[in-house]
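Shown next, in structure tokens, is the structure this report addresses.
The sequence lines fix the lettering, A, B, ..., with proteins before strands; numbering per chain opens at 1. Remember, it's a predicted structure, so these values are computed and weren't measured experimentally.
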Amino acid sequence: MTALKTLLIAQAVAAAGGLLLPRRWAKWIWLSVLPLGLATVLTRWAAVGHPPMRNLFEAFLWLPPLTGLCTALTRWRRAILTLRTDALLGLLVAIPLAFVFDPAEGMLPPALQSPFFVPHVLAYMIAYVLMARGCLLSLCRAPGAAGGSIGVGFFFMTGGLVLGSVWGNEVWGSYWQWDPKEMWALATWLIYCAWFCVRGDGKLRTALSVLGLLAIMLTVTWVNLSRLFEGVHSYAGL
Amino acid sequence: MRERRGSIFRGAGIAALLVLAALAILLALPQSERFRELTVFRCAAWAVLIGFAAVAVQALFARAWVRALFAAGAVCVTVGFGVTGASAREGALVLTDSLSPYANHRLLRERVVGGETVRLESFRQETYPNGMPRQYTTLLRFPDGLREISVNRPYRRDGYTYYQMSCDGGVGPDGYPFVQTVLTVRRDPGVPVVFAGFAMLLAASAALAVREVRR
């Protein structure tokens, strides 16, 4: 078994431990996903020779450590432990990473060799983690933490959209390609704009955060992998 | 009364944003580009522009600065899209390097862009050990000297931008090998307007994030 595979399985075990074990132990086991995730990213980086963000597998590598970081930051900032929700998210990502995705290595095509590559993908990964947490926290009736998560996530989502657009203008000569993934990303962004229009923390905000998460999941999986949506993001497959 | 009117406007805003999201998803479907040519699409774009402009003005009067900045950013982006749609110009610039003694090399290597003669000096394709393309680089001669253009490194000159897109090659009908560099030359006055709108949206979303974190 390769070092990467071992780390991916260890990550999945840490997430499962964080979800299922008693709180006292679960906290530390879940937070071990931070060094484990970082080691996974660095191992992959060393193997492929570029920041691991070329396809869905590599982009997903960033999600468990980012989720662990969010747990630690929320604990420090709001003095609440979002352990179970974050561990659930971590597990939902860590299992496909360890057992479903094909970790075949590949090189960067010319279009991806840009200074915008890392910030664009990273901004979206941070946004997706924060939006998913925001949705779960809304459903768990923790509106303060959910609002903070979605608020910061929206900033990163806007940043990702803007950076992608500026990058598109540098590489293809057009800041908007009307590409299926761009359109879905815009639709997701508009749903979160609507979330900000809702006053208070009622059911409508929760419903919109669920709708937003659904749009994110479809953008990341269906739009990337379906042959129905061929476009400039086609390389972002499995 | 004011409270009720506010909630009606808020509800209408949420509904409008969700309709826009649904439209964006519709535009992601295959062959939706035909829809963008329709008058109804232009009317929808005008409605978006007027809607965001009304929100920006109302927010300014209400001293809701973040909302005003956000709506102004959206107005800027929409106007920029309109400027691009109305006045952007784009053309392919395909230059060929051939070893054929029978070819008219000047015709193959030179083009006139914006009144200037542009000549292909050389084209280079770098590859990875497995043969996958790594980078395409074209060296062009302009009246004032040589300029290098590669993917992700466009060259801007007198309002025109030269982008390296791809390349082609093979053996010509005369049996001699040739290589073609495919560039795009584009002039788009809408870009600065759109990017100014992006900056406003980014600043407004940062303010929204701070507000939500402090809440």
Side-chain angles (χ1 to χ4, degrees), chain A residues 77 106-116 143-144 147-159 161-162 165-167 169-176 178-191 193-199 204 208 211 215 223 228-231, chain B residues 6-7 10-11 13-18 20-30 32-33 36 70 80-81 84 88 90 126 128 130 132-136 150-154 161 163-165 184-186 188 190-191 194-195 198-199 201-202 204-206 208-215:
Chain A
R77 182 79 180 79
M107 303 297 174
L108 285 186
L112 294 190
Q113 292 173 35
S114 161
F116 293 104
S149 200
I150 291 178
V152 178
F154 183 73
F155 169 70
F156 280 103
M157 190 174 267
T158 311
L161 198 66
V162 166
S165 189
V166 176
W167 181 10
N169 192 56
E170 287 296 291
V171 66
W172 297 304
S174 174
Y175 53 81
W176 198 256
W178 302 92
D179 174 65
K181 194 156 181 194
E182 278 179 354
M183 298 310 293
W184 273 87
L186 176 68
T188 311
W189 186 80
L190 286 165
I191 291 168
C193 284
W195 183 90
F196 279 101
C197 292
V198 179
R199 195 169 269 180
L204 185 55
L208 285 172
L211 189 65
V223 179
L228 181 68
F229 300 107
E230 293 273 330
Chain B
S7 66
R10 203 173 283 273
I14 293 166
L17 285 167
L18 292 178
L20 276 180
L23 259 178
I25 290 170
L26 276 179
L27 285 170
L29 291 173
S32 62
E33 60 271 13
R36 297 205 304 269
F70 201 93
F81 266 74
T84 294
E90 183 181 300
E126 294 167 45
Y128 289 108
N130 63 0
M132 188 186 147
R134 183 180 193 148
Q135 185 57 281
Y136 310 121
S150 51
V151 180
N152 272 307
R153 290 182 200 89
T161 312
Y163 298 92
Q164 177 73 57
M165 303 307 279
T184 292
V185 185
R186 191 172 164 90
D188 185 356
V191 172
V194 170
F195 285 3
F198 281 163
L201 287 176
L202 209 54
S205 63
L208 283 172
V210 170
R211 198 172 72 185
E212 284 298 328
V213 168
R214 281 187 181 165
R215 221 156 58 96

Q) What's the verdict on side chain to side chain contact (heavy atoms under 4.5 Å, CB included) for B/Leu18 and A/Leu190, showing C-alpha distance, side-chain angles and the deciding distance? A) CA-CA 7 Å; B/Leu18 292 178; A/Leu190 286 165; over 6 Å; no
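Residue A/Leu161 does not touch chain B at all, counting heavy-atom pairs closer than 4.5 Å. Both the backbone and the side chain of B/Phe198 come within less than 4.5 Å of a heavy atom in chain A. Looking at B/Arg186, the atoms closer than 4.5 Å to chain A (heavy atoms on both sides) all sit in the side chain, from C-beta outward. Interface remark: A/Leu211 contributes side-chain atoms only to the contact with chain B (heavy atom separation under 4.5 Å).
Side-chain contact between B/Val194 and A/Asn169 is absent, with no heavy-atom pair separated by less than 4.5 Å. Residues A/Trp184 and B/Ile25 have side chains in contact (heavy-atom distance under 4.5 Å, counting atoms from C-beta outward). Looking only at side-chain heavy atoms (C-beta outward), A/Phe154 and B/Glu212 stay at 4.5 Å or farther from each other. For the pair B/Leu27/A/Leu186, no side-chain contact is recorded, criterion being any heavy-atom separation below 4.5 Å from C-beta on. Side-chain atoms of B/Pro154 and A/Glu170, non-hydrogen and from C-beta on, do get closer than 4.5 Å to each other. Using a 4.5 Å heavy-atom cutoff, the side chains of B/Phe195 and A/Val162 are not in contact. Contact annotation: the side chain of A/Ile191 never approaches that of B/Leu17 to less than 4.5 Å [non-hydrogen atoms, C-beta and beyond]. Between A/Leu112 and B/Asn152 the shortest side-chain heavy-atom distance does not fall below 4.5 Å.
Listed by chain and number, the residues in a side chain to side chain donor-acceptor pair (under 3.5 Å) with A/Trp176 amount to none (sequence neighbours excluded). A/Arg199 meets the salt bridge (charged side-chain N to carboxylate O under 4.0 Å, His left out) test with B/Glu3; sequence neighbours excluded.
Ring pair B/Phe70/A/Trp189 is parallel by interplanar angle, where below 30° counts as parallel and above 60° as perpendicular.
The two atoms that bring A/Phe155 and B/Ser205 nearest to each other are CD1-OG, 3.6 Å, heavy atoms only. The two residues B/Asp188 and A/Tyr175 come nearest to each other via the heavy atoms OD2-CE2, 3.6 Å. Scanning both residues, A/Ala187 and B/Ala21, for their nearest heavy atoms gives CB-O, 3.4 Å.
No side-chain donor-acceptor contact under 3.5 Å links B/Arg134 to the backbone of A/Pro109.
When the candidates B/Thr161, B/Leu23, B/Thr84 are compared by the number of heavy-atom contacts under 4.5 Å with chain A, B/Thr84 comes out ahead. Contact tally against chain B (heavy-atom pairs below 4.5 Å) for A/Gly144, A/Gly153, A/Ala194: the top residue is A/Ala194. With respect to chain B, the highest number of heavy-atom pairs below 4.5 Å among A/Ser165, A/Pro110, A/Gly148 belongs to A/Pro110. Comparing B/Val185, B/Leu201, B/Thr184 by how many heavy-atom pairs each has under 4.5 Å with chain A, the most go to B/Leu201. Per-residue counts of heavy-atom pairs under 4.5 Å with chain A were compared for B/Asn130, B/Leu26, B/Val151; the largest is that of B/Val151.
In this structure, the separation between CG on A/Leu108 and CE on B/Met132 is 7.0 Å, given to the nearest 0.5 Å. Expressed to the nearest 0.5 Å, how far CG of B/Leu208 lies from SG of A/Cys193 amounts to 8.5 Å. Once rounded to the nearest 0.5 Å, the distance linking CD of A/Gln113 with CD of B/Glu126 reads 8.5 Å.
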